[in-house]
Structures are given as C-alpha cells and as structure tokens.
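We use all heavy atoms of the structure for the numbers below, so side chains are in, but hydrogens, waters and symmetry mates are not. Order of the sequence lines fixes the chain letters, A, B, ..., with proteins taken first and strands second; residue numbering starts at 1 for each chain.
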Protein chains: 2
Amino acid sequence: MNETVMKLGSCGKCEQCPVHHRSICRAASAEAMQELSRLSHTRNFEKGTVIVAQGDEADIVGNVVSGVVKLTNMSMSGQQNIVGLLFPSDFFGRAYAETSRFSYEAATDVTLCSLGRQAFEGFIARHPEVEHALLLNTLDELDAAREWAAMTSCHTTMQRVATFLFILSQRSDNRFCHSGDKIPHVIIALPIGRRDIAAYLGTTPETLSRNLQTLVRKQILRPIDTNHFELVNASELVELTGEMREDLESMYGTGKLKA
Amino acid sequence: MNETVMKLGSCGKCEQCPVHHRSICRAASAEAMQELSRLSHTRNFEKGTVIVAQGDEADIVGNVVSGVVKLTNMSMSGQQNIVGLLFPSDFFGRAYAETSRFSYEAATDVTLCSLGRQAFEGFIARHPEVEHALLLNTLDELDAAREWAAMTSCHTTMQRVATFLFILSQRSDNRFCHSGDKIPHVIIALPIGRRDIAAYLGTTPETLSRNLQTLVRKQILRPIDTNHFELVNASELVELTGEMREDLESMYGTGKLKA
DNA sequence: CGCTCATTTGACAGAAATCAAAAGCGGTGG
DNA sequence: CCACCGCTTTTGATTTCTGTCAAATGAGCG
C-alpha cells in the first residue's frame with residue numbers, strides 16, 4: 001500500500017474499502033470511484049447511537065462498512081418496531097427524501113462510509129451507472145422486504161425464529177467452530193439483544209427465549225454465551241423454517257436480512 | 001378526441017391514459033411518451049387470472065390502469081401469502097430480473113398497460129428521466145413495504161384490520177353517504193374478497209369476519225352490502241389502529257397500500 | 001328452484017401474550 | 001474480593017387471542 005497516495009485522500013481510498021466490491025460502489029467507473037473517494041468519509045458510531053432519527057432531515061447516506069445498523073419505526077404507543085437490519089455493504093439512508101421515515105441506530109459499534117445526501121444525489125446524477133446500481137439494489141431490497149413481510153404474517157413464531165437464525169448463519173462474518181468433531185459448525189452471533197430480535201420477529205422476548213431453549217433441547221443449537229450459539233444441525237433448522245432452502249438463500253443473497 | 005390520431009396508434013394514446021399523470025410515465029418527455037405509446041398496449045385480464053406466475057420468466061411490466069392486482073408468494077406448504085396489492089397507477093412487474101419472485105394475479109377484472117420487460121429496459125436506458133422516476137417510485141414502495149411489515153409484526157389482528165380499513169377509507173374513490181344526517185360519511189369499498197384480505201393481513205377469513213362484526217357492533221362501521229361499509233366513527237377506528245394518524249396518512253400518500 | 005361459493009357464526013384446542021418471579025451478567029464501590 | 005445494584009434473560013403460571021373444524025346463512029346464477 002502506498003501511504004502517500006492514501007494521504008492525498010483523493011485516490012485509492014475506495015479501492016481499499018472492505019465492502020466496495022459488494023456495495024453499490026462496485027458499479028462506479030474509475031473516475032466515479034475517485035470522486036467518491038473525495039466526497040465520502042468514514043465515520044464511527046458507538047453502539048446505541050442514533051445516527052438519523054425518524055422525522056429528521058435525512059442528510060446522510062452511505063454504506064455500512066462494519067457493524068450492524070438497526071432500522072426502527074416508532075409507533076404512537078411509544079413502541080419501537082424493528083423494520084430491518086443493515087449489515088456491512090448494505091446501503092444506508094434515504095436518497096431523495098427530505099426527512100427519514102425511520103430511525104437509524106447503531107446496534108453494535110458501527111463504521112459507515114458516509115456522504116451528504118445532496119452530494120450523493122449530485123454524484124449519482126453525474127454517474128448514471130451508479131444510479132442504475134442503486135435502482136437494482138432497491139428493487140432487490142423491495143423483493144426481500146415483501147418476502148420478509150410474507151414470512152412474518154403467515155408463519156408461527158418458531159418458523160420466524162428458525163428463519164432468522166438460518167439467515168444469520170449464512171452471513172460471512174461467522175467463525176467456524178472446531179470442537180474436536182470432524183465437521184466444523186457455524187457460530188451464529190446474535191447482533192442485537194433479545195428485546196430487539198423479538199420486536200423484529202413480531203413476538204415477545206419471553207416467547208423468543210422459549211423457542212431458543214427448545215432449539216437447544218432439540219440439539220439444533222448449542223449455547224456458547226448469551227449472544228453466540230453453535231449451529232449443530234443446520235438441516236433440521238431449515239426443516240423448522242417451513243421454507244425451501246433455495247428461497248431462504250435467495251432472501252439472504254439479495255436482501256441480506258432487510259425487511 | 002381526435003379519432004384519426006388515435007388510430008395511428010403512435011400519438012396521443014398515453015396522453016389519454018387515465019393514470020398517466022400519476023404513474024411513472026408522468027416523468028416521460030413528449031418524445032418518450034410517443035415511444036411509449038408505440039411500445040405499450042393495454043390488456044385486460046379477468047378476475048382470477050394469473051398474469052405472471054411465481055418463478056416464471058418475468059417478461060411483462062407496466063402499469064395498472066384499472067382494477068386490483070394481487071402480489072402473492074406461495075410458501076412451501078402451498079399456502080399463498082398476499083404480499084401486496086397494486087391499484088391503478090401502480091407499477092407492475094419486476095424490471096431487471098429473469099424470473100419473478102412473486103405471482104401477479106388479477107384480484108378483480110383488471111386493465112393493464114403492458115410492455116415487454118426487455119423493451120421496457122431498453123426504453124428506460126434511452127430515457128434516464130423515466131429510470132429516475134422508477135427509482136423514486138421504488139424507494140417509496142420500499143418505505144411503504146417496511147412500514148407495512150412493521151405494522152403487521154407488532155400489532156393485534158384488530159389493529160391490522162383497523163389500519164387496513166382506515167387506509168381504504170382514505171382512498172379517493174370512496175363516495176360519500178348522505179344518510180339524512182348532517183355529516184356525510186365515507187363509504188369504504190373492499191376491493192377484494194375476505195379470503196384475500198385475510199391473507200394480506202396475516203389472519204384467517206373467520207377472524208377477519210369476527211373483527212368486522214365487532215366494529216359493526218361498536219357502531220364504528222355500518223354494513224351496506226358485503227363489500228361496502230359506511231364509516232360512522234372514523235376517530236374510534238383510528239384509536240383502534242394504535243398508530244398516529246399522520247403515520248397512517250403518509251402510508252397512504254406514498255405507499256398506496258402496497259406492502 | 002337447486003346449485004355453488006362466499007361469508008358469518010359457533011365450539012373448541014392450541015399458541016402466544018401477559019403477569020410474575022427467579023437466575024445470570026456486568027458494572028460500581030467499599 | 002465481595003456485596004450491591006440495575007439490567008437482560010430465562011422460567012413458570014395463567015389468560016387471552018386466534019386458528020381450526022364444522023355448520024348455518026346468504027348471494028349470485030343457470
């Protein structure tokens with residue numbers, strides 16, 4: 001790596017971004033990428049920080065580089081519904097809107113590659129190939145959101161829990177576990193607390209906890225600590241989702257868990 | 001109307017379309033509109049017809065001109081979940097995908113303005129202003145889908161029913177009812193059958209029916225015929241939704257009931 | 001009229017929310 | 001190091017809701 005080039009701040013930054021080949025930036029031409037490098041900057045947020053509040057000016061957009069962002073919708077009763085989770089490489093923020101209809105909150109410590117919304121809109125107007133990528137990305141997210149909505153409205157709680165865990169198990173940031181056995185098992189890391197997961201799945205922490213314990217009793221999961229489970233029997237987990245594996249994988253592949 | 005011009009088939013057709021000022025076509029320049037007139041044609045589908053089946057080649061896109069289209073997702077168990085409803089002026093089909101992840105089915109007799117998917121993709125590439133409109137439209141739909149998903153996952157059945165009815169009551173095609181009283185009441189027209197509404201709301205026809213009858217007993221609704229109710233007490237209906245009125249109205253404003 | 005299909009109503013069982021309390025975990029300060 | 005506190009998670013008991021099964025009613029139609 002050429003440190004001099006990096007210090008100039010206008011070249012190469014994006015090429016070294018760990019997610020640039022998966023985010024919408026992948027569509028950017030070399031020149032566009034240089035311009036992006038100038039316009040964008042990474043920002044860190046501590047767990048729990050509200051990055052954009054519901055109703056606020058939606059003046060930041062960008063990509064999640066690391067960590068998990070919660071998308072939430074506050075209802076009148078003061079109850080916060082989790083509308084989606086954003087993982088690394090997911091696009092973040094709401095282009096072309098004055099205010100945000102949702103809150104964006106750091107569910108873990110988060111690194112974002114951010115730029116001003118209006119700067120982004122100008123950039124996109126100059127680079128149709130990126131606008132096109134954003135369109136494709138948004139269409140995929142819409143499909144995923146609809147599929148998730150279908151999931152939640154017609155399935156039992158256990159099916160939703162199993163689906164959620166399966167999707168989490170497919171994410172790349174899971175370490176393997178060599179517990180002396182021949183086959184390495186995936187470690188499922190729950191990125192957020194039980195309360196939030198329950199809200200996301202449309203249930204209560206109590207019911208979620210019971211379902212998780214049922215999975216442990218069935219030897220499908222093995223608890224490591226509160227937020228980590230070893231996935232012992234993936235195929236039985238898929239059984240419990242009541243969906244076809246391909247459908248689940250397509251949900252993962254394009255929608256990356258966003259609802 | 002100039003019939004001669006209409007018969008030429010290449011001019012003016014779209015200008016007379018009842019939804020062209022609300023659909024994404026509104027962004028099209030005069031030339032683009034002419035090209036659209038050439039490329040598109042209206043098609044009628046009887047109630048119940050499957051227009052595009054899940055997994056099929058998604059080779060038709062367009063706009064709903066009249067009627068209601070059901071977006072459905074068949075789960076492994078054979079159960080069909082309703083993922084969204086498309087009303088006049090809503091965009092229809094899935095651009096940039098080989099196959100459709102959902103089925104599109106005529107919920108009522110339907111008129112579509114359709115064109116081939118690839119023709120549409122080519123058209124859009126030549127007319128960036130339309131691509132941009134499609135992007136804006138898709139972003140709005142995504143917000144609406146997420147909001148609907150949040151709705152369905154955290155509310156009781158009655159809250160979902162009340163929300164659905166409230167949104168319907170906001171639709172412009174509702175006539176007023178002067179029943180001798182001073183205040184005219186809105187007539188809520190259920191565009192589709194109970195079975196479909198129930199699937200959309202993630203419940204069963206039986207439970208839906210019970211909830212509707214409860215609303216009638218509470219004097220919030222008054223039945224006119226099977227598919228029409230007079231909304232007697234709108235504010236109590238809003239109470240039952242548990243949402244803020246503004247939120248509901250924004251949902252109507254942009255999302256038009258799509259999930 | 002008799003047919004079919006959609007909707008409503010009833011009875012019941014099962015699932016999940018609620019209420020309540022115990023256990024686990026991570027801090028802080030003595 | 002330990003005790004204390006606040007928090008999250010788990011477990012238990014109970015009630016409420018909703019899905020299921022079944023039957024009655026009503027609407028549209030030849």
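B/Tyr104 places none of its side-chain heavy atoms less than 4.5 Å from the side chain of B/Ile60. Between A/Leu168 and A/Phe229 there is no side-chain heavy-atom pair separated by less than 4.5 Å. Within the 4.5 Å cutoff, the side chain of A/Phe164 has heavy atoms near those of the A/Leu201 side chain.
Distances shown here put a side-chain N or O of B/Thr204 below 4.0 Å from the OP1 or OP2 atom of D/dG19. In this model, the phosphate group of D/dT9 is not approached by any side-chain N or O of A/Ser209 to a distance below 4.0 Å at OP1 or OP2. For C/dA17, one of the phosphate oxygens OP1 or OP2 lies less than 4.0 angstrom from a side-chain nitrogen or oxygen of A/Thr203. Dashed line: the shortest gap from a side-chain N or O of A/Thr207 to OP1 or OP2 of C/dA16 is not under 4.0 Å.
As a whole-Å value, the separation of A/Asp196 CG from D/dT8 P is 10 Å. Atom-to-atom, CG of A/Asn211 to P of C/dA15 comes out at 11 Å; the value is rounded to the nearest Å. If you take CD of B/Gln159 and C1' of D/dT18, they are 15 Å apart, rounded to a whole angstrom. Separating the CG atom of A/Asp225 from the C1' atom of D/dT8 is a distance of 13 Å, rounded to the nearest angstrom. Counting to the nearest Å, the C1' atom of D/dT9 and the CG atom of A/Leu215 are 16 Å from each other. When the C1' atom of C/dT9 is taken as reference, atom CZ of B/Arg194 falls 14 Å away, rounded to whole Å. Between the CG atom of A/Asn227 and the C1' atom of C/dG26 there is a distance of 13 Å, given to the nearest Å. A/Leu190 places its CG atom 9 Å from the P atom of D/dT10, with the value rounded to the nearest Å.
Of the two residues near DNA chain C, A/Leu208 and A/Thr226, the one whose nearest nucleotide lies more 5' is A/Leu208.
Looking at A/Thr42 and A/Asn44, their side chains never bring a donor and an acceptor atom within 3.5 Å of each other. Donor-acceptor pairing under 3.5 Å is lacking for the side chains of A/Asn233 and A/Gln219.
Residue B/Leu112 is tested with B/Val65, B/Val69, B/Leu86 for a side-chain contact (heavy atoms from CB on, under 4.5 Å); the sole match is B/Val69.
If you check distances only, the side chain of A/Arg210 does reach the base of C/dT18 with a donor-acceptor pair under 3.5 Å.
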**Study point:** From CA spacing to verdict: side chain to side chain contact (heavy atoms under 4.5 Å, CB included), B/His41, B/Ser114
**Key:** CA-CA 6 Å; B/His41 51 283; B/Ser114 70; 4.0 Å; yes

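Among the heavy atoms of the strands lying under 4.0 Å from B/Glu206 is at least one base atom, whether or not backbone atoms are also near. B/Arg195 comes within 4.0 angstrom of the backbone, heavy atoms only, and of no base.
Ranking D/dT18, D/dT11, C/dT7 by closeness to the A/Gln213 side chain, first place goes to D/dT11.
Over its length, the helix from C/dC1-D/dG30 to C/dG30-D/dC1 turns its helix axis by 30°, as judged from the five terminal pairs at each end, rounded to 10°.
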